[in-house]
Amino acid sequence: MTIDGRPRVALLGVHGYGRVHLDGLMRLAATGAVRVAGLADPRPPEPQALERLRALPGGADVPVLADAAALLERVRPDVTIVSTPIHTHLPLARLALAVGSHLFVEKPPTASMEQFRVLSAEIAAAGRVCQVGFQSFGSHALAHAARLVADGAVGRVRGIGVHGAWVRERAYFTRAAWAGRMELDGVPVTDGALTNPFAHATASALRVAGVPDDADVAVELERYRVASPESDDTAAARLTAEGLPIVVAVTLCAAEQRPPLIVVHGERGRLELEYTTDTLTGRTADGTEVTAPPGRTVLLDNMVEHLADPAVPLLAPLAACAPFMHLVEAVRRDGPARPLPPSAVTGTGGRPVVKGADELGRQCAEELALFSELPVPWPGAA
Ligand SMILES: NC(=O)c1ccc[n+]([C@@H]2O[C@H](COP(=O)([O-])OP(=O)(O)OC[C@H]3O[C@@H](n4cnc5c(N)ncnc54)[C@H](O)[C@@H]3O)[C@@H](O)[C@H]2O)c1
């Protein structure tokens, strides 16, 4: 911690999603809540970003290096944000812990359950904390939905269904060597629609359900690919925790992009949560229409508050990701996704569309069913 008590925060990975972190970090630095300790990325930041950094008080002296290890050794930050490819999370987190830093690690926190256990143990041994980039965990609407479920406001929950339909160009899968890969140079990556872009879908559903950190979670998977080089871009998963089924059906090859929806099927009510827009609607057992408080707490802000006052709980601590890691591990063990036959694909070259995937996902979430349990519009896929 600096003499003035403001945490010094380093960012590893400044492009891709790192841009969001860089913005957040500079916003907090401008308010005086943190200091930027340094940035590291083999690709230098955009000139405009660098200009904004240099304009901050003390910004002219902030080191910007290509090498993360050299940066960490040099600046020994209080907090390190790891926003790099999935397979680099654990090695970079370890380097940060070795110089005494707390961690903010992007989701999925690691590429396997074994790595998750190693990271958890090393964080505990170092006496540090770790926030994970499940930003929906800061959502007031999500917290409200979880409270309603815990209070039995929709009666016994029969299950939770989630559907997600996003449109990704083929370029999304070729933007980096690790994109859509299960492994790279013998190291697990475990990228894919379920574990990366729609990781929030499953993690948020588990949170709404109130599944405890140490729960056993059984996972059934049906994973397909059209544009992804190895992993899934269209997939369904059913997680069963303490007898509760959570079905997640997603595609990155949709005809139309929609906000993903979490549907809580209560015996006496129903909730619908759009976790990307913090919108909660539905009806409770007594017929009351559900409304939710707007907005969300930004996870880096929450972490800074937690470090200043440990009575403020971390909103997305590593331990809370354990139920989600059962999905990552199941996907890793499942291996490459199955290619869908060409007859299942429409759309032009740059933007493949899986026939009927939008509607099928919605049906899976409604009926808590996997693709194979419904009439699938892809003959020869099963
Ligand atoms: N929370 C979210 O909503 C969200 C959204 C997108 C991505 N992510 C996560 O963010 C992470 C990065 O994903 P991305 O899509 O931005 O990846 P990307 O490949 O587009 O960008 C990663 C950046 O990290 C840099 N990098 C690679 N190795 C590095 C190293 N050793 N040290 C420093 N920098 C390094 C790369 O040069 C690149 O600039 C992943 O874990 C991903 O799952 C989170």
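Remember, predicted model here, so these are calculated numbers, not experimental data. Counting convention: from 1, in listed order, for ligands and their atoms alike.
Atom 16 (O) of ligand 1 has its closest protein heavy atom at Tyr17 N, 2.6 Å. The protein atom (non-hydrogen) at minimum distance from atom 15 (O) of ligand 1 is Arg175 NH2, 2.9 Å. Scanning all protein heavy atoms for the shortest distance to atom 25 (C) of ligand 1 gives Asp41 OD2, 3.2 Å. Of the protein's non-hydrogen atoms, Pro85 CD, 3.9 Å is the one closest to atom 28 (N) of ligand 1. Here the protein heavy atom with the shortest distance to atom 11 (C) of ligand 1 is Thr84 O, 3.3 Å. Here the heavy atom of the protein found nearest to atom 17 (O) of ligand 1 is Trp178 CZ2, 3.2 Å. In terms of protein heavy-atom proximity, atom 44 (C) of ligand 1 is closest to Glu106 OE1, 3.1 Å. Looking at atom 33 (C) of ligand 1, its nearest protein heavy atom turns out to be Ala40 O, 3.5 Å.
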> For Glu329 and Arg333, what are the C-alpha separation, side-chain angles and deciding distance, and is it a salt bridge (charged side-chain N to carboxylate O under 4.0 Å, His left out)?
Replying inline: CA-CA 6 Å; Glu329 180 62 11; Arg333 286 169 184 255; 2.8 Å; yes

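For the ring-ring contact (aromatic ring centres under 6.0 Å, His included) test, residues two or more places apart in sequence or in another chain that qualify with His21 are Tyr17, Phe104. In this structure Arg225 satisfies the salt bridge (Lys or Arg N to Asp or Glu O under 4.0 Å) test with no other residue, sequence neighbours excluded.
Side-chain contact of Thr190 with Thr195: a donor-acceptor pair under 3.5 Å is absent, judged by distance alone.
Ligand-side atoms of ligand 1 in range of His15: 16 (O), 21 (O), 39 (O), range being under 4.0 angstrom from any heavy atom. Close approach to Pro42 involves these atoms of ligand 1, each under 4.0 Å from a residue heavy atom: 26 (N), 29 (C), 33 (C), 34 (N), 35 (C), 37 (O). Short contacts between ligand 1 and His200, defined as distances under 4.0 Å to a heavy atom of the residue, involve ligand atoms 1 (N), 2 (C), 3 (O). For ligand 1, the atoms sitting less than 4.0 Å from at least one non-hydrogen atom of Gly16 are 16 (O), 20 (O), numbered in the order shown with element in parentheses. Below 4.0 Å from some heavy atom of Ala68 lie the following atoms of ligand 1, by number and element: 32 (N). Atoms of ligand 1 found under 4.0 Å from any heavy atom of Gln135 (numbered from 1 in listed order, with element): 1 (N), 2 (C), 3 (O).
Looking at ligand 1, you'll find an N or O of Gly133 within less than 3.5 Å of one of its N or O atoms.
The CD atom of Gln135 sits 12.5 Å away from the CG atom of Leu315 when rounded to the nearest 0.5 Å.
Residue Arg19 places every heavy atom at 4.0 Å or more from ligand 1.
Salt-bridge check for Glu256 with Arg258: failed, with every basic side-chain N at 4.0 Å or more from each acidic carboxylate O. By the 4.0 Å N-to-carboxylate-O rule, Arg54 lies too far from Glu51 to be salt-bridged with it. Of the charged side-chain nitrogens involved, none lies within less than 4.0 Å of a carboxylate oxygen, so that Asp78 and Arg35 do not count as a salt-bridged pair.
In Phe134, neither the side chain nor the backbone holds a heavy atom less than 4.0 Å from any atom of ligand 1. Counting heavy atoms under 4.0 Å from ligand 1, residue Lys107 touches it through both backbone and side chain.
Relative to the six-membered ring of Phe173, Arg168 misses at least one condition, a distance below 6.0 Å or an angle of at most 45° to the axis.
With respect to Leu206, the side chain to side chain contact (heavy atoms under 4.5 Å, CB included) criterion is satisfied by exactly one of Ile246, Ile160, Leu244: Ile246.
Between His200 and Tyr275, the ring planes lie tilted relative to each other; the angle falls in the 30° to 60° range.
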